[in-house]
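This report refers to the structure that appears directly beneath it.
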Protein chains: 2
Amino acid sequence: MTLRIPLLLTAEIVPFAICTERLAVLLVQQATTWRLPGGPVGGEEDLDAAARRHLAEQTGLGEIYLEQLYTFGEPNRDSGQRAVAVAYYALVRAGFSLADAVPAIAETRWVAVDDMPVLALDHAAIVTLARRRLAAKLAYSTIALQLMPECFTLSQLQAVHEIILGELLDKRNFRKRILALDCIEATGEMARQYGHRPARLFRAKRPGQVDFIK
Amino acid sequence: MTLRIPLLLTAEIVPFAICTERLAVLLVQQATTWRLPGGPVGGEEDLDAAARRHLAEQTGLGEIYLEQLYTFGEPNRDSGQRAVAVAYYALVRAGFSLADAVPAIAETRWVAVDDMPVLALDHAAIVTLARRRLAAKLAYSTIALQLMPECFTLSQLQAVHEIILGELLDKRNFRKRILALDCIEATGEMARQYGHRPARLFRAKRPGQVDFIK
DNA sequence: ACAAAAGTGTTTTTGTTACACCCATGT
DNA sequence: ACATGGGTGTAACAAAAACACTTTTGT
C-alpha cells in the first residue's frame with residue numbers, strides 16, 4: 001500500500017499578463033523549444049511553494065496571484081519517463097517590470113496566447129485550459145483586478161475584460177456593474193493622459209483578494 | 001532536471017450519493033479509522049484510470065461520473081512519508097445497488113456528509129471541497145442528473161437539488177427551469193407511488209453527459 | 001371523505017441590455 | 001476649433017421570484 005513508484009512530479013505555471021493589448025503568456029526557452037516555467041517539486045516542498053519557486057527562479061516573478069488549475073498525469077505525456085504535472089496559472093499586474101525582478105536564469109518571452117509557438121509536451125493544452133478558466137472566472141469573480149497595476153482607470157479595466165473575453169463591452173453597463181461590486185475605490189488622483197480629458201484613477205479595495213460575485 | 005524524489009502518488013475519491021434524503025459519502029474502513037476510497041497510482045497508469053480502479057476494487061462501484069477536484073501535496077499531509085493525492089469526486093445514481101457490484105474487498109459504509117466520523121489524513125478537507133464544488137456546479141450544469149436513477153420523477157429531482165443546496169425550492173419555478181434546459185424527457189410511464197396521484201417519469205436525454213447552462 | 005403528493009400560470013420584481021450626448025484636456 | 005477618450009442616465013426587455021388552487025390516487 002505504500003509502494004513508491006519512480007516518477008517525476010512537476011509544477012508548471014501559466015503566467016498571464018496583458019501585453020500590448022493582448023493576453024500573453026510568459027514562456028521559457030529550453031534548448032530550441034519553448035515551454036512553460038516550472039519544474040520538479042522538492043522532496044519536502046509544498047506544491048504551491050514549488051510553483052512559486054520555479055516561477056521566481058526562471059522568470060523573476062514573485063508575489064503574484066497563483067491558483068492551481070489541473071493535474072496532468074497521462075502515462076505518455078512525457079516520452080521516456082513517468083511525469084505528473086500539477087498545473088497552475090498566475091496573473092501578473094500590467095506595468096510590472098520584469099527588470100525589477102531578480103534576473104531570470106533562463107531566456108524568457110511574453111507571447112500572445114493567439115500566437116503561440118509549438119510548446120514542449122502537453123503545455124499547449126495546459127495553456128488552453130488555463131485560458132478557459134480565466135475567461136470563465138471573469139464572469140463570477142473580481143479576478144481581473146489581479147491583472148491591474150495599483151492604480152488604473154475604468155477604461156483600462158474594461159479593456160482587460162474585453163481582451164480576455166474577446167468581445168467589446170458597453171462602457172456604461174460595464175462601469176455600473178463594476179462599481180456595484182464595491183471592489184474598487186477612487187484614489188482621488190487623475191491619470192494624465194494627453195490629448196483628452198484626464199481619467200479618474202481607481203485602486204482595488206482588497207488588493208490581494210479575489211471576491212466571488214453573487 | 002529529471003531528478004525523481006521518492007514520493008507516493010495516490011488518487012482519492014469522494015463518492016457521493018443521495019441516501020435516505022441526505023447527501024452521503026461512501027467511506028472505507030481501514031483498521032480502526034475511516035478514509036476515502038483510493039490508493040497509489042500505478043507506474044504506467046493514468047490518473048483517472050487509477051481513481052476508477054481503486055473505486056471499483058474497494059467499493060464495487062464502476063461506470064459512474066468522475067471528475068478531478070484538486071491535488072493535495074502539503075509535505076506533512078501524511079506523517080512519515082511524502083504523499084501527494086490527486087482528489088476526485090464521483091456521483092453514484094440513487095437506487096444503484098452495491099450488491100450488484102463486485103464484492104468490495106474492504107468494509108464500506110455510506111455516511112451522511114453532515115455526520116462524518118474523523119477521517120484519515122486530510123480526507124475531511126477533501127470532502128468539504130468536493131461538497132462545495134458539487135453545490136456550485138448545480139447552478140451552472142446538469143450535473144444533478146448523474147445522481148438520478150434511469151427513471152425519476154420531477155419531485156425526486158427537486159429533492160436532490162434541495163438536499164445538496166440545503167434549501168427548499170419552489171416547485172413551479174424548479175420545473176419551469178429544468179424543463180427549459182431540454183435535458184430530460186418524459187418516458188410516458190408513471191411512478192406507482194401509493195396514497196396519492198401517480199407522478200410522470202422522466203429520463204435524461206443524454207445520460208452520460210453533463211451540460212453547461214447559459 | 002380525507003390525506004398526500006402531483007401538476008399547473010400569472011403577476012411582480014429584479015436584473016440586463018441597448019442606446020447618445022456632453023466634458024475636459026492637448027494640440 | 002478640433003480631435004480624443006472620459007464620463008453620465010433612462011427606457012425596453014428578459015429572467016427570476018413569489019404565489020394557491022385543482023387533480024389523482026389510496027385508504
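Residue numbers begin at 1 in each chain, while the letters A, B, ... track the order of the sequences.
Of the two residues contacting DNA chain D, namely A:Arg175 and A:His196, the nearest-nucleotide position lying further toward the 5' end is that of A:His196.
Taking the side chain to side chain donor-acceptor pair (under 3.5 Å) definition, one finds that A:Glu185 meets it with A:Arg203, sequence neighbours left out.
Atom CZ of A:Arg192 is separated from atom P of D:dG6 by 17 Å (rounded to the nearest Å). B:Leu179 has its CG atom 12 Å from the P atom of C:dG9, to the nearest Å. Rounding to whole angstrom units, CE of residue B:Met190 and P of C:dA5 are separated by 17 Å. Between the CZ atom of B:Phe174 and the P atom of C:dG9 there is a distance of 18 Å, rounded to whole Å. Between A:Gln156 atom CD and D:dG6 atom C1' there is a gap of 12 Å when expressed in whole angstrom units. Rounded to whole Å, the distance from CD on A:Gln158 to P on D:dT8 is 14 Å. Rounded to whole angstrom, the span from the CD1 atom of A:Ile178 across to the C1' atom of C:dT16 amounts to 15 Å. Between A:Arg197 atom CZ and C:dC22 atom P the separation is 14 Å, expressed in whole Å.
B:Tyr88 and B:Glu67 are not linked by any side-chain donor-acceptor pair at a separation below 3.5 angstrom, with hydrogens and angles left out of the test. A donor and an acceptor atom, one from each side chain of B:Gln146 and B:Arg93, are located under 3.5 Å apart. Judged by distance alone, the side chains of B:Gln58 and B:Arg53 never bring a donor and an acceptor atom under 3.5 Å apart. Defined by atom type and a distance below 3.5 Å, a donor-acceptor pair is present between the side-chain atoms of A:Thr10 and A:Glu12. For the 3.5 Å distance criterion, the side chains of B:Ser155 and B:Arg175 qualify, holding a donor opposite an acceptor.
Nucleic acid contact class of A:Arg177 (heavy atoms, under 4.0 Å, all strands): none.
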Within the sub-3.5 Å range, which N or O atoms of nucleotides 18-20 of chain C have a protein N or O partner, and how far apart are they?
unit_1, atom_1, unit_2, atom_2, d
C:dA18, N7, A:Asn173, ND2, 3.0
C:dA18, N6, A:Asn173, OD1, 3.2
C:dC19, N3, A:Arg172, NH2, 3.1
C:dC19, N4, A:Asp170, OD2, 3.3
C:dC19, N4, A:Arg172, NE, 3.4
C:dA20, N1, A:Arg172, NH1, 3.2

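Among the nucleotides C:dA6, D:dT24, C:dG7, the one closest to the side chain of B:Pro198 is D:dT24. Here the nucleotide nearest the side chain of A:Tyr194, chosen from C:dG26, C:dA6, D:dG7, is C:dG26.
Under the 4.0 Å criterion applied to side-chain N and carboxylate O atoms, B:Arg131 and B:Asp114 are assigned as salt-bridge partners.
At the phosphate of D:dG6, OP1 or OP2 sits under 4.0 Å from a side-chain N or O atom of A:Ser155.
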